Amino acid sequence: MLQLVVVAVVLGAVAAVSIHQSTTEFRDIRGGRMLSVAESLASTPIVREQLDAPLVEQVLAPDVDRAVSLSGATLAEIVSTDGVVDVSTDPTRVGVTAELGDSDVFRGRGWYGDVDVAGRPSIAGHVPILDTDGGVLAVVTVTENYPSTWMLLSDSGARLLIYLGLGAGIGALGSWMLSRRIRRHTLGLETAEIASLADHREALLHSIREGVIAIGNDGRITMINDSACALLDLDPDVVGRRVTDVELDAGVREVLVSDGDVEDVVVTTSTRVLALNRRSATSRRGESRGQHIGTVTTMRDSTELASMQSQLTSHKSVTDTLRAQTHEFANQLHTISGLAQLGSYDDVTALVGTLTRRRAQISDSITAHIHDPAVAALLIAKTSLAAEAGVSLVLDPSSRLRALDPALSTDVITVVGNLVDNALDVSRESGDRTITVIVRDDPELEIEVTDSGPGVSPSMKELVFSRGVTSKPDVPGGRGIGLALVRLVSVQHGGTATIEDAETGGARFRVRMPLG
C-alpha cells in the first residue's frame, strides 16, 4: 500500500505539472489571440460609426458574432465607458455590468489577462475604441473560458495519458512484486509483527543469566547479551566489530574463532572461570533454510564452582595422605606387636623413638616457619604424599608465614595446593625428583614453587595460566584448571602469577599478593 501511495503521488505530481504547463501555455497563446481579435473588432469602421446608433446591439451584432466565430472565443462584447454591456454575442448579457477584472483598458491601452465571466474563469482581451482626440468611446472585450482539467490533459497529448496509465500499471505491478519478495524474506510477517518479534528476542536474550554471543560468517559480532558483556568485560557497542578487533582473553578468542563445535571448554580470564559451548547456526525457515549463518557461543560463570572444586581437591589430597598414613601406621603397629611378642622390648623402644623423631622432624620443619595452621597442615600432608610418590618436598628455610585471615588462608591453600600438585605431576619422572616451596609474608605474600620437571616452553608460559580443560578423560590437557585458578586467585587479590625457568632445569611458579 505504501508503494502504491508513492506511485500515486508521483503520477499526481506529473499530472499537476502537466496541467500547470498546459494552463500557462493556454493563457499565453489564447490571451494573445483574444487581444488580437479585440483589436481587429475595435478597428472595424462600422463599429466606430455605429456606436451611437439607437439599436446598436442589433446593428453591431453581426460583426461581434463574426469575431467569435473566426477566433473560437466564447464571448465577444462592446462595453460602454460606464462599464455596461451594449453589444454581446449572448443577448442576455446586454445591459449588465461587464466583468473587467484588473484591466486598465479605460486608460486607453490594450490588456489581456484572467477574469471571471458569469462565475467561470476565462482569459480575456480588452481593447479601447478611441475617438480622434484619443478619448475612450467604448471597450471591446473578447473572452474564452479556460478548459477543464481533463481537456488540459487531453490537449497535452494522448501520449501523456498513455504514459500516466502505463506508469500506474508498472508501479502497481512493481509494488505487488516487491510486496511478495518482502513477505518471502520476512516469512510472511508484517512490520509490526517483526518489531514485536525483535522486542521479544531482545528481552529474552538479555534476561537470561548465561552469556550469549553470536558471530556471523564474516567474523563480526552480530549479537551479544548483557550477561556476556559482564562476563567478558565488554561494551554493547562491540556489535558489528570483528572478533579479532575486540579486546578479549586469548583463550576466549580462540574458542570464538575456532572451527567446528565446542562443548564445555573451560577458559579462564583474568577474573573469571568460564565454561563455553559453541555451535554452528543455520537458517531454519525461508529461502535460506539450511544455510550456515554463523556461530552461537554460550558461556557460564564457573568461578565459584572451580574454586570449590580446587578446595575439594585439596581436602581430598589431605584425605588421601591420611589414608596412606593409616596404612603406614598399621604396618608399624604390626611390627611393634611382633617385636613385643618376641620379647624384643629394646627394639620396640628404638623403633618407636625413630618413628616419633621422624614425624616430629617433618612437623617441626614446617610449623617452625609456617604459623598458619591450615597452610602448615596442607604442606605436611603434601610432604607425605610426595614421599609416597618418591618425590622430596622441601620447605625453604627462608620461608616465613604468620597466621592469616581465614578467607585469605583458604585462597593461599588453593594456590599452594595447585602449585604443589602441578609440580608433583611433572617431577615424578625426573631425575632429581625434588620440589622446593618458599612462602614469605614480608612485605607482601609471596609463594614460590620450583619443580625438577622438564620445564615449560616459551609458547606455553601464558597458556598454562589461561586455558583450562573439562573433567572428561578424553579431553587433552591433563588435570584441569588448577593453574588457571592460581592466576584467578592472585588477580582477585590484586597480585600476579608468573612462571620462569629454574636454575635446575625445571619451572619456577611465583605468586605475589598484597596482604592489605
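All values below were derived from every heavy atom in this structure, side-chain atoms included, with hydrogens, water molecules and symmetry-related copies excluded. Numbers for residues simply follow the sequence, beginning at 1. From a predicted model like this one, the values you see are computed outputs, not experimental measurements.
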Stepwise side-chain contact (heavy atoms from CB on, under 4.5 Å) check, L234 with V246: CA-CA 9 Å; L234 296 175; V246 178; 3.5 Å; yes
side-chain contact (heavy atoms from CB on, under 4.5 Å) between E500 and F509, intermediate numbers included: CA-CA 7 Å; E500 60 187 33; F509 291 85; over 6 Å; no
Chi angles and distances behind the side-chain contact (heavy atoms from CB on, under 4.5 Å) call for I435, S392: CA-CA 6 Å; I435 300 174; S392 175; over 6 Å; no
Audit row: R278, V296, side-chain contact (heavy atoms from CB on, under 4.5 Å) steps and yes/no: CA-CA 6 Å; R278 180 177 179 271; V296 176; over 6 Å; no
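Taking all atoms of both residues into account, the shortest heavy-atom contact from R487 to D249 is NH2-OD1, 3.7 Å. Contact record, H493 with P514: O-CD, 3.2 Å, taken as the closest heavy-atom pair. In terms of heavy atoms, V243 sits closest to R253 at O-NE, 3.7 Å. Between A374 and I413, the shortest heavy-atom contact is CB-CD1, 3.3 Å. Considering every non-hydrogen atom in both V437 and V439, the closest pair reads CG1-CG2, 4.0 Å. Closest of all the heavy-atom pairs between S427 and S452 is OG-N, 3.3 Å.
Heavy atoms of other residues, nucleotides or ligands lying less than 6.0 angstrom from CG of D233 number 12 at most.
Judged by distance alone, the side chain of T410 and the main-chain N or O of P406 form a donor-acceptor pair under 3.5 Å. Side-chain atoms of D245 never come within 3.5 Å of backbone atoms of R241 as a donor-acceptor pair (strictly under, hydrogens ignored). Using modelled atom types, no side-chain atom of D114 and backbone atom of P121 make a donor-acceptor pair closer than 3.5 Å. Under a 3.5 Å cut-off, the side chain of D451 and the backbone N or O of A507 do form a donor-acceptor pair. A donor-acceptor pair under 3.5 Å links the side-chain atoms of N217 to the main chain of G294, judged by distance alone.
Take T244 and apply the side chain to side chain contact (heavy atoms under 4.5 Å, CB included) test, not counting sequence neighbours, and it matches R242. Shown here are the salt bridge (charged side-chain N to carboxylate O under 4.0 Å, His left out) partners of E503, two or more places apart in sequence or in another chain: R508. Residues that satisfy the side-chain hydrogen bond (donor to acceptor under 3.5 Å, both in side chains) test with D432, not counting sequence neighbours, are T434. D28 pairs by the side-chain hydrogen bond (donor to acceptor under 3.5 Å, both in side chains) definition with nothing, not counting sequence neighbours.
Considering V415, V491, N422, I499 in turn, V415 is the only one that fulfils the side-chain contact (heavy atoms from CB on, under 4.5 Å) rule with V486. Remark: of the listed residues V511, D411, V449, I447, I447 is the sole one forming a side-chain contact (heavy atoms from CB on, under 4.5 Å) with V416.
A salt bridge between R402 and D441 is present, with a side-chain N of the basic residue lying under 4.0 Å from a carboxylate O of the acidic one.
Proximity of L419 to L483: side-chain heavy atoms (C-beta onward) are separated by under 4.5 Å at one or more points. Between E263 and D261, every side-chain heavy-atom pair lies at or beyond the 4.5 Å cut-off.
Residue L393 holds its CG atom at 8.0 Å from CG of L424, rounded to the nearest 0.5 Å. Atom CG in L256 sits 5.0 Å away from atom OG1 in T297 (nearest 0.5 Å). Note that CE of M513 and CG of L515 are 8.0 Å apart. Values are rounded to the nearest 0.5 Å. The distance from the CG atom of L379 to the CD1 atom of I366 is 5.5 Å, given to the nearest 0.5 Å. Here T298 contributes atom OG1 and R300 contributes atom CZ; the two are 7.0 Å apart, rounded to the nearest 0.5 Å. One finds the CG atom of L276 at 5.0 Å from the CE atom of M299 (value rounded to the nearest 0.5 Å).
Between the side chains of R440 and S398, at least one donor-acceptor pair of N or O atoms lies under 3.5 Å.
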For residues 220-229, please give each side-chain donor-acceptor pair under 3.5 Å, one per line with the distance, not counting sequence neighbours.
| residue | atom | partner | partner atom | Å |
| --- | --- | --- | --- | --- |
| R220 | NH1 | G240 | O | 3.1 |
| T222 | OG1 | A214 | O | 3.2 |
| N225 | OD1 | V212 | N | 2.9 |
| N225 | OD1 | A228 | N | 3.0 |
| N225 | ND2 | L205 | O | 2.8 |
| N225 | ND2 | E210 | O | 3.0 |
| D226 | OD1 | H206 | ND1 | 3.0 |
| S227 | OG | I208 | O | 2.8 |
| S227 | OG | R209 | O | 3.1 |

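Among residues at least two apart or in separate chains, side chain to side chain donor-acceptor pair (under 3.5 Å) pairs with a member in residues 366-379 are H369-R400, D372-S409.
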